[in-house]
Amino acid sequence: MRKLLFIIALFACTSINTFAFERNESLSVNEKETHFPISKDSLPDNHYVSLLLGLGPIVSLNNNSNIEFETFKSWEFTFGLAYNYRPNKALQTYSAGLACTWRHFSPSPKGMLVKDDSGLIHLDNFPAGVDHAHSGLSIFSVSIPLMFTQDFGKKSHVSLSLGPVVNINAASLENNYNIGDNHYDITTDHIGCRPITVDLMGILTVYGVGIYCKYSPMSLMKSKTGLDFKTLSIGLCL
């Protein structure tokens with residue numbers, strides 16, 4: 001499932017980038033060297049394609065499960081493209097994006113995340129004699145951000161963006177450890193994540209660098225897993 005979502009996202013992002021390049025063919029040679037195809041100046045009529053890149057820690061909120069997750073060992077990374085439209089002489093921009101989002105949650109206290117036969121996820125002890133052990137909940141998503149951006153003046157370098165982010169999810173449990181000279185890498189798929197979730201995101205951008213805050217009012221995992229929590233992430237984005 002994760003491989004299929006990744007292939008779909010990669011194909012769509014490549015298609016958008018190819019479209020921007022074809023629209024840029026009418027520019028002169030010097031302009032092609034100055035402006036990358038996905039820049040604002042590449043497409044006429046106030047339509048342009050921009051890069052989506054974000055990284056930040058993610059925390060669990062309203063956690064009703066028996067497993068806690070460490071804040072600064074749980075991270076979110078997003079990469080993709082967005083298609084933007086800005087009306088003439090307006091300070092508003094409307095955009096729709098397509099991105100890949102990776103979220104990784106590390107449990108606290110340290111232990112091994114396992115799923116039993118009933119689908120319940122719990123924290124167990126690593127085998128005796130392990131070294132360099134790590135366990136985590138990994139969620140891969142194809143994300144579709146739908147954003148409204150307001151600039152604070154025609155010559156301002158400050159803007160505020162707000163909007164929902166629709167996520168198509170696939171999740172797994174990752175357990176890695178060494179016993180002597182042997183390395184074990186155990187992945188458990190089909191662990192019961194919700195296939196579709198919606199986040200709420202805001203971005204404050206100053207001179208091209210943004211600080212984003214994203215809140216998920218929906219639990220990422222189904223109730224049968226025993227993991228019931230919302231998420232909040234704060235980080236930097238371009």
*asked:* Checking N178 against H183: is there a side-chain donor and acceptor pair closer than 3.5 Å?
replied: yes
*Find out whether S172 and T188 are in side-chain contact, i.e. whether some heavy atom of one side chain is under 4.5 Å from a heavy atom of the other.*
no
*Are T225 and I191 close enough, and set up right, to give a side chain to side chain contact (heavy atoms under 4.5 Å, CB included), and what steps lead you there?*
CA-CA 7 Å; T225 65; I191 60 173; 5.7 Å; no
*Just checking, any donor-acceptor pair under 3.5 angstrom between side chains of N84 and T93?*
no
*Over all heavy atoms of both residues, which pair between S143 and T101 is shortest? Give the atoms and the distance, please.*
OG-OG1, 2.8 Å
*When the aromatic ring centroids of H134 and Y177 are compared, is their separation below 6.0 Å?*
no
*With respect to D228, which candidate in N62, N64, N63 satisfies the side chain to side chain donor-acceptor pair (under 3.5 Å) definition?*
N64
*Test log, rule side chain to side chain donor-acceptor pair (under 3.5 Å), inputs E76 and T78*: CA-CA 7 Å; E76 174 184 72; T78 299; 4.9 Å; no
*Regarding T149 and S161, is there a side-chain donor-to-acceptor distance under 3.5 Å anywhere?*
yes
*Could you check L137, T231, L227 and say which one makes a side chain to side chain contact (heavy atoms under 4.5 Å, CB included) with L220?*
T231
*Considering all heavy atoms, the nearest P107-S135 contact*: CD-O, 3.1 Å
*Answer yes if the side chains of T187 and E174 hold a donor-acceptor pair under 3.5 Å, and no otherwise.*
yes
*Under the side chain to side chain donor-acceptor pair (under 3.5 Å) criterion, do N169 and T197 qualify, and how do the steps go?*
CA-CA 8 Å; N169 307 308; T197 56; 3.1 Å; yes
*Kindly assign one of parallel, tilted or perpendicular to the pair F229 and F105, based on the angle between their ring planes and the thresholds 30° and 60°.*
perpendicular
_Side-chain H-bond candidate by donor/acceptor type, R103 with S138, under 3.5 Å_ = no
*asked:* For residues M112 and Y184: do they belong to one hydrophobic cluster (side chain heavy atoms under 4.5 Å, members Ile, Leu, Val, Met, Phe, Trp, Tyr)?
replied: yes
_Using modelled atom types and a 3.5 Å cut-off, is there a donor and acceptor pairing between side-chain atoms of D124 and backbone atoms of L113?_
no
*So, K214 side chain and I58 main chain: donor-acceptor pair closer than 3.5 Å or not?*
no
*asked:* Go through it in stages, so that I can follow the logic: the residues are D199 and S216, the test is side chain to side chain donor-acceptor pair (under 3.5 Å), and I'd like the CA-CA distance, side-chain angles, deciding distance and then a yes or no.
replied: CA-CA 4 Å; D199 302 335; S216 178; 3.1 Å; yes
